[in-house]
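Order of the sequence lines sets the chain letters (A, B, ...), proteins ahead of strands, with each chain counted from 1.
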Amino acid sequence: MSFSIDSIKWEYPCQIERVSEMTASEISGLMLNKSYFNDVLGTWLKYSLTIAVPFGSEADYNSIYEQLTQPVAGHEFILPYGNSTINITGRVASVSDAWIKMPGNANYWRGKQFEILSNNPTKTEELGVVLARGNSPIPPIPWSGWVKLYIDDDGYLHLIKTEGLDIDFYIDDDGNLHSLALGDVIEYTAAGWDRVAAADGDEIYF
Amino acid sequence: MKIKIGDTTYSTLTNLNFDPTADVTGSEVPINEFSVDIITEDEIDAMQFAFLYDDRDILWAKYWIIFADRADKNTVRVRAQSTLKLLERRMLDPVMLDGAPVADIVSEIFAELGTESYELSDAFDGKTLTGFCPKQSCKTRLQWVCFVLGAYIKSFFLDKIEILPVGETPKLIPLAKTYWKPSLVYGEYTTRVNVTAYSYVKGTPATTDTWVTDGTDTYIQTQQNHSLRNTDVPEGTLTHETHIEGVTLVNNDNVDEILSNISRFYFKRINVELDAINNAEFYPGDRILCYTDENTMAEGYISTATFAFGQQAKSRLAINPVDIVETAQLLMIYQYEGTRIAQQAYTLPVGYPYEIENPYIDQNWGITRYVFAPENPTASGTLYAEGSTDTEDYVLALGAHNGTLLVLSADEFEFKDGTVVIS
């Protein structure tokens, strides 16, 4: 696994643990309506790394140690994040390892562990967005990426019920809600359930 | 929060202190200020303006830096004050006023700061002043004008100083913005308010007369005490009177109105202190309706707001003095096709003309999640003493099932880049 410290890339086995902290400010607290006001400042990342540098790579081991223990405000890291990587400026408060004395005068420092605390939040929201949403937002509905609907000539929306699609209602031409049994078919296209590109004025069939 | 000084905006701030004050009784003109530590290596000079903004770029204060000192290699400590402070050092000559327009008097007070530095409310259009002003600072004369007019000074959340009438329409601080738990402080009863009114006749005073001069003419001064008794004081309460004298702009024509104005404050003995989420919504000088608990409300004026900052802002509000107001319950019923889907009860003052936003309602019916949209964005009415019920109709807006977003009703939709855009 690779990671980068101050533009120097290191390729060594390591265990990386990640913690995201949604840090709230001191003005968070209980309201008179018994709801909790959570004044979140942002999301900060914390990475804990344990590096396994193999025996024989003492020069690299010592270089990493010296790099991390510089008395600086922070380092630039490139670390795994999701399916990619993330660049963060973070501080290292301490680095720990152990001196291992082997038979025959072979001695090694090993088990380097350190924690990276991001100096800046990796996620924030603008104050205007927070205030517009209010303190009791309706959380977003999970979005599947496309909408299963049918719009008829009069512009009414219809839901399409078919096998494999677990919908239990539809809206008729008058906009009334009806329940459906699984397997009922109102309308569908022979092309199946692929998303259809539409031009202005088209009717969409899913 | 951020501070702009010159062309530079500084957003790395610590130890920001801002606790503006307003006096609606006209007994003083507070000099408001803020102090902050700015993390910077820049050199910052005093004797220039500093602008305090929040992250929405809303101006909180435009004050004059009186102190800027480097605390360490990375920190400059700044203290900035309202330009009202400058009114203390300029003296005005004595003048006898006889129907002088308020606008002219205020213009003279602010002459050194310039006409763009202040704004006189148009509530004072056509108002005049009659009486004697001795040699006094601009600040003292401004305080006298406020006392006589029933006005107060707002020197925050603007780029100029405003002279405003003491408000009559209260703002409501909702339960959801009030921290647990407000406190009530009971003071001493004021049994009577006394105000001295002055009248002047031009002439040569006798040796026993009190007289004044504006530098040109001499005026014989007579005075008369006017008072108003507090009729709400329980029998047997010890006498505790307030005397206001020496404000020679008080005359026999305006004294009754002045007594009525100030007795509203002096005759009340309850003060409220509460913490509220306050993103530049509730200002000192505002007339406020607030909750002291879930079922009790009080009405009064904010005298001081002491701010603390996070992503949003919180302030400790001193509201004094207050009346405890009669409340009743408003029951909001939200229904879909005649079926009640939600309800919300509010405790509000009797007679309160409410306007409440109808919320979107998010519910799970079985394994399907629905969002209901209100047919009307707000509900409005007046609350009766016996309580009121308001029913609001809803339509189905969205449904989510197995991760699929289902659009159930829409105001309009269009096709755009292969996507249906629903609104």
Side-chain angles (χ1 to χ4, degrees), chain A residues 23-42 124-131 134-149 151 155-157 159 165-171 175-177 195-204 206, chain B residues 54-58 173-182 274-277 279 291-294 307-315 337 357 359-362 366-371 395-396 398-410 412-420 422:
Chain A
T23 303
S25 78
E26 289 177 351
I27 70 169
S28 303
L30 183 66
M31 296 292 114
L32 201 54
N33 64 353
K34 297 175 187 159
S35 67
Y36 189 81
F37 168 55
N38 193 27
D39 185 51
V40 177
L41 295 169
T124 56
E125 269 196 319
E126 287 189 9
L127 177 60
V129 171
V130 172
L131 295 179
N135 288 326
S136 298
I138 294 176
I141 290 177
W143 175 251
S144 71
W146 51 298
V147 176
K148 289 184 172 57
L149 58 80
I151 304 167
Y156 285 103
L157 291 173
L159 298 168
L165 195 63
D166 205 5
I167 306 172
D168 58 1
F169 56 81
Y170 80 103
I171 297 177
N176 297 315
L177 189 71
R195 183 177 178 178
V196 176
D200 279 0
D202 281 357
E203 293 177 344
I204 295 184
F206 288 85
Chain B
D54 68 16
D55 292 337
R56 298 167 294 170
D57 293 328
I58 289 179
I173 303 177
L175 270 176
K177 290 193 173 180
T178 308
Y179 285 78
W180 188 280
K181 192 176 181 182
L274 63 85
D275 291 333
I277 300 170
N279 294 296
Y291 290 89
T292 56
D293 61 39
E294 287 173 285
F307 282 91
F309 299 96
Q311 168 83 322
Q312 299 190 38
K314 163 186 171 181
S315 60
E337 293 190 342
E357 187 180 336
Y360 277 68
I361 295 171
D362 186 0
I367 56 172
T368 302
R369 178 181 172 191
Y370 294 106
V371 175
V395 295
L396 267 176
L398 299 171
H401 192 95
N402 289 343
T404 302
L405 180 70
L406 309 171
V407 179
L408 303 172
S409 67
E412 59 183 65
F413 37 84
E414 60 176 310
F415 307 130
K416 200 174 185 178
D417 298 329
T419 305
V420 176
I422 312 289

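Contact check for B:Gln312 versus A:Phe37: side-chain heavy atoms found under the 4.5 Å cut-off. Between A:Met31 and B:Ile277, the closest side-chain pair of non-hydrogen atoms falls below 4.5 Å. Side-chain contact between A:Ile27 and B:Tyr179 is present, with heavy atoms from C-beta onward closer than 4.5 Å. Between A:Leu131 and B:Arg56 there is a side-chain heavy-atom pair separated by less than 4.5 Å.
For B:Asp275, no part lies under 4.5 angstrom from a heavy atom of chain A. Of the atoms belonging to B:Asp55, heavy atoms from both backbone and side chain fall under 4.5 Å from chain A. In this structure, the portion of B:Ala313 lying under 4.5 Å from any heavy atom of chain A is its backbone and not its side chain.
Closest heavy-atom contact between A:Leu32 and B:Thr292: CD2-C, 4.4 Å. A:Glu125 and B:Gln311 make their closest contact through O-NE2, 2.8 Å (heavy atoms, listed as atom of the first residue, atom of the second, distance). Heavy atoms only, all atoms of each residue included: A:Leu41 and B:Gly310 are closest at CD2-C, 3.6 Å.
For the set A:Thr124, A:Asp39, A:Leu30, the count of heavy-atom pairs under 4.5 angstrom toward chain B peaks at A:Asp39.
Ionic pairing of B:Glu294 and A:Lys34 is present here: one or more N-O contacts between side-chain nitrogen and carboxylate oxygen are shorter than 4.0 angstrom.
The distance from atom OG of A:Ser28 to atom NZ of B:Lys314, rounded to the nearest 0.5 Å, is 9.0 Å.
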